Amino acid sequence: MAVKVAKFGGSSVADGIQLSKIREIIKSDPSRRYIVVSAPGKRFSGDNKITDLLYLVKTTMENLLPYEQLFQVVCDRYTAVHANLGLKVDMQSAYDEILEKLKTNPSADYIASRGEYLNAILIADFLGFDFVDAENMVKFDEKGRFLMEETFTAIREELANHEYAVIPGFYGSLPNGDIKTFSRGGSDITGSLIAGAINAECYENWTDVSGFLMADPRIVKNPKQIRTVSYKELRELSYMGASVLHEDAIYPARIADVPINIRNTNDPEDPGTMIVSPERAEQLISGESSRDIITGIAGSKDFTVVTLYKNMMSQERGFVRRILGILDDYDINFEHLPSGIDTVSVVMSNKQINGRLDEILVEFQSRLRPDSIDVIENIAQIATVGHKMSARRGTAATLFTALANAGVNIRMIDQGSSELNIIVGVDNNDFNKAIQAIYGAFVEA
Ligand code: ASP
């Protein structure tokens, strides 16, 4: 039988009402056999996420303040749902076990992970599925580095014993048994791991939006939804700031060629966005009634471009290597390194530079001896992404004409060799205007 893995995010599992919705969804398709859950999220704006409260328990503990009351607030959230849905499972012994462990000053990872742990126990009871702890399936080495192969094997072995199961997202364990979490939002990764390991038919990621939009709705009014996007295109889009899915959640599904479907718990009829291999993308796109040339536009502000000029630079071996060495010394991940004859530009986010621009420029000057250095600050980068887009005649012309007509000055251009995107750098102040212009030029109303 086909197997689907369905992951439900914090807002989809925030209270009894949401849990009733997810039960409907799960029960309406018996192939939804493995359910991965986040900790309860916000029920209304201003509410607390359970994970945030749990991190606060740790901070309180570290400041030698009484934390029991705060932990009680966490337990009360589950108890309320338990009562509301008339569940039978014994939550009290799970709370007691955690309370005992809290006396030993456990790690922040352990404490934070209990949000997912308790929720999975509760939801397994609600659905009548087995509870299977991620602790025994998601593996890290002693340095806390994630182990993919070991994890895939452990998942296959464990799930072979369970036809229907609920699995807590976000964490796994170290070789000594201690709990280790992924970064925030990491339940998406757990879902992808389960789906990849068992070669699921689909990895459904249920959240509170109907998939990806072609542009940020705060900038473009009512942007169209993206129906199909390839893994790679999404990588380009998320890299630039669109974030519905944890970045690291793509890889495990992708290596097993499992499609990821972003769905909306509050609007389950909407087909959402499919994230697939380029081959599948082409098939799906050919079936779509209308398709724009581009898949989406994403961007973010606050970058700095440092351009180094040096006569006969291309003859000088090791110039770029030395640039990278300096960036390495400052622990900076650069964004792009566009180069021309006798020039190389380094594009870095201001966050990475972290107030050290002057120091870095001094290093560039003394270690690279360029003829001159040019610095442009407050640059926004905008990526226009589309499968095979740049291979199509006229795409660049459309893009640049749209920006020129909107009075936007382009400070930098980088067309990735992937043929998937064209990135332009514009003034921070022109960010919204540029995105609106690009959207208007490519997307049919
Ligand atoms: N509960 C965790 C967080 O809030 C993980 C997740 O929801 O994916 O980051």
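Both ligands and their constituent atoms are indexed starting at 1 by order of listing. Given the structure is predicted, the values throughout are model-derived calculations rather than measurements.
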Going by salt bridge (charged side-chain N to carboxylate O under 4.0 Å, His left out), name the pairs with one or both residues in residues 73-99, residues two or more places apart or in two chains.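 For residues 73-99, and leaving out neighbouring residues, the salt bridge (charged side-chain N to carboxylate O under 4.0 Å, His left out) pairs sorted by first residue read D47-R77.
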Non-neighbouring partners of Q352 that pass side-chain contact (heavy atoms from CB on, under 4.5 Å), sequence neighbours left out: I332, N333, S349
Mind checking side-chain contact (heavy atoms from CB on, under 4.5 Å) for D178 and listing every partner two or more places apart, or none if nothing turns up?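 D178 satisfies side-chain contact (heavy atoms from CB on, under 4.5 Å) with L174, N176 once adjacent residues are dropped.
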Checking side-chain hydrogen bond (donor to acceptor under 3.5 Å, both in side chains) between Y171 and each of T190, D133, T181, D109, which is the one that passes?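 Only one of T190, D133, T181, D109 forms a side-chain hydrogen bond (donor to acceptor under 3.5 Å, both in side chains) with Y171, namely D133.
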Would you kindly say whether Y67 and T59 are connected by a side-chain donor-acceptor distance under 3.5 Å? no
H246 and S183: side chain donor to acceptor below 3.5 Å: yes
List by chain and number: which residues place a heavy atom under 4.0 Å from ligand 1? S38, K49, T51, E116, F170, R184, G185, G186, S187
